[in-house]
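Heads up: the structure comes next, in structure tokens.
Lettering follows sequence order; numbering is per chain, from 1. Keep in mind that this is a model prediction, so the values were computed, not measured. These numbers come from the heavy atoms of this one structure, side chains and all, not from hydrogens, waters or symmetry mates.
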Protein chains: 2
Amino acid sequence: MLNPSAADPAPIFAALGDRTRLALLGKLADGQARSISALSLDTALTRQAITKHLHVLQDAGLVASLRVGRESRFAARRETLDEARAYLDRVSAQWDETLGRLKAFVEG
Amino acid sequence: MLNPSAADPAPIFAALGDRTRLALLGKLADGQARSISALSLDTALTRQAITKHLHVLQDAGLVASLRVGRESRFAARRETLDEARAYLDRVSAQWDETLGRLKAFVEG
DNA sequence: ATGATAAGCAACCTCCTGATTGCGCATTCA
DNA sequence: TGAATGCGCAATCAGGAGGTTGCTTATCAT
């Protein structure tokens, strides 16, 4: 299985837990693949910093890369984000089954 | 506004990006409030380690604590998890608007 | 062939994180 | 009152995260 963190969503959330990386995902949200240089524009960070962040996203499965000529293009991956969504939905559903939470909070 | 990270979901995801903390949220998923000691059972970690993780979750707004006698009880907070869900849903919806992503991935 | 552009690699640095240990304080119970 | 329980605080430590700089390699255009 090449899919990273199939049954452990923590690495996915960890990858999402950074402003810069969320911004990168935002830039890739239109579905277009972009080179590292393109993704480094409008950023205070260096190209290498962006590269590292992209690799973190890639290790988490949130983006995929493809080398085209001298540039390597990154695109967002749908599946992994859906994994994270599914996990939160599951937790949320579990919480839904328990009412009177505030009551229990006081009474223990 | 006391609500942490109202417009910046990164800290929420960062808090979720740890196995131990996800496990803690799992234990609290039944809506019951639990003491630190109770949450430290069935764990290889020390009580202090659990305490730190709980504070991380609290700073992110994912749990709330209440001191009762000599114990401090933690309970899951619904709102912040919903924030994270809403964010992922927004991103996902944005991605939905763009078809032919794989096509664009090659063509750039 | 030459120069510019895109990216990779490696070393380095600072700061944060996860975790431990040791101790002290408050609360409950016998 | 005295012992046990639950917790907080502080110091400490190893390792990883985020970021930079410097250099090299590959590709494209002229």
task = Please determine which of B/Val91, B/Leu88, B/Leu16 meets the side-chain contact (heavy atoms from CB on, under 4.5 Å) test together with A/Leu16.
result =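 It is B/Leu88, the one option of B/Val91, B/Leu88, B/Leu16 that forms the side-chain contact (heavy atoms from CB on, under 4.5 Å) with A/Leu16.
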query = Does A/Thr43 use its side chain to pair, donor to acceptor, with the backbone of A/Leu41 at less than 3.5 Å?
reply =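 Checking the backbone N and O of A/Leu41 against the side chain of A/Thr43, a donor-acceptor pair under 3.5 Å is found.
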ask   = chain B on DNA chain D: first and last contacting nucleotide, 5' to 3', under 4.0 Å to a heavy atom?
value =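 The contacted stretch runs from D/dA4 to D/dC9.
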request  = Name the residue closer to the 5' end of DNA chain C, choosing between B/Arg67 and A/Ala38 according to the nucleotide with the nearest heavy atom.
outcome  =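 Whichever sits nearer the 5' end wins; that is A/Ala38.
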Give me, pair by pair, the N or O atoms of the protein and of nucleotides 1-5 of chain C that are less than 3.5 Å apart, along with how far apart they are.
| residue | atom | partner | partner atom | Å |
| --- | --- | --- | --- | --- |
| C/dT5 | O2 | A/Arg70 | NH1 | 2.9 |

ask   = With no hydrogens and no angle check, do the side chains of A/Arg73 and A/Ser65 hold a donor and an acceptor under 3.5 Å apart?
value =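 Not at all, the side chains of A/Arg73 and A/Ser65 share no donor-acceptor pair under 3.5 Å.
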request  = Verify whether one side chain among A/Ser37 and A/Arg47 offers a donor that lies under 3.5 Å from an acceptor in the other.
outcome  =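 Per modelled atom types, A/Ser37 and A/Arg47 side chains form no pair under 3.5 Å.
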Contact list (N/O, under 3.5 angstrom) for nucleotides 15-23 of chain C vs protein:
| residue | atom | partner | partner atom | Å |
| --- | --- | --- | --- | --- |
| C/dG18 | OP1 | B/Arg21 | NH1 | 3.4 |
| C/dG18 | OP1 | B/Arg21 | NH2 | 3.1 |
| C/dG18 | OP2 | B/Arg21 | NH1 | 3.3 |
| C/dA19 | OP2 | B/His53 | NE2 | 2.4 |
| C/dA19 | N7 | B/Lys52 | NZ | 2.9 |
| C/dA19 | N6 | B/Lys52 | NZ | 2.5 |
| C/dT20 | OP2 | B/Thr46 | N | 3.0 |
| C/dT20 | OP2 | B/Thr46 | OG1 | 2.8 |
| C/dG22 | O6 | B/Gln48 | NE2 | 3.1 |

ask   = When the distance from CD1 of A/Ile50 to P of C/dA7 is rounded to whole Å, what number comes out?
value =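 These atoms are roughly 12 Å apart.
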task = Report the distance from atom CD1 of B/Ile36 to atom P of C/dT27, rounded to the nearest whole Å.
result =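 Spelled out: CD1 on B/Ile36 to P on C/dT27 is 15 Å.
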query = Ion pair present between A/Asp82 and A/Arg78, side-chain N to carboxylate O less than 4.0 angstrom?
reply =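 Here A/Asp82 pairs with A/Arg78 in a salt bridge, since their nearest N and O are under 4.0 Å apart.
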message = Tell me whether the rings of A/Phe13 and B/Phe13 are parallel (<30°), tilted (30 to 60°) or perpendicular (>60°).
response =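 Rings of A/Phe13 and B/Phe13: parallel, as their planes differ by under 30°.
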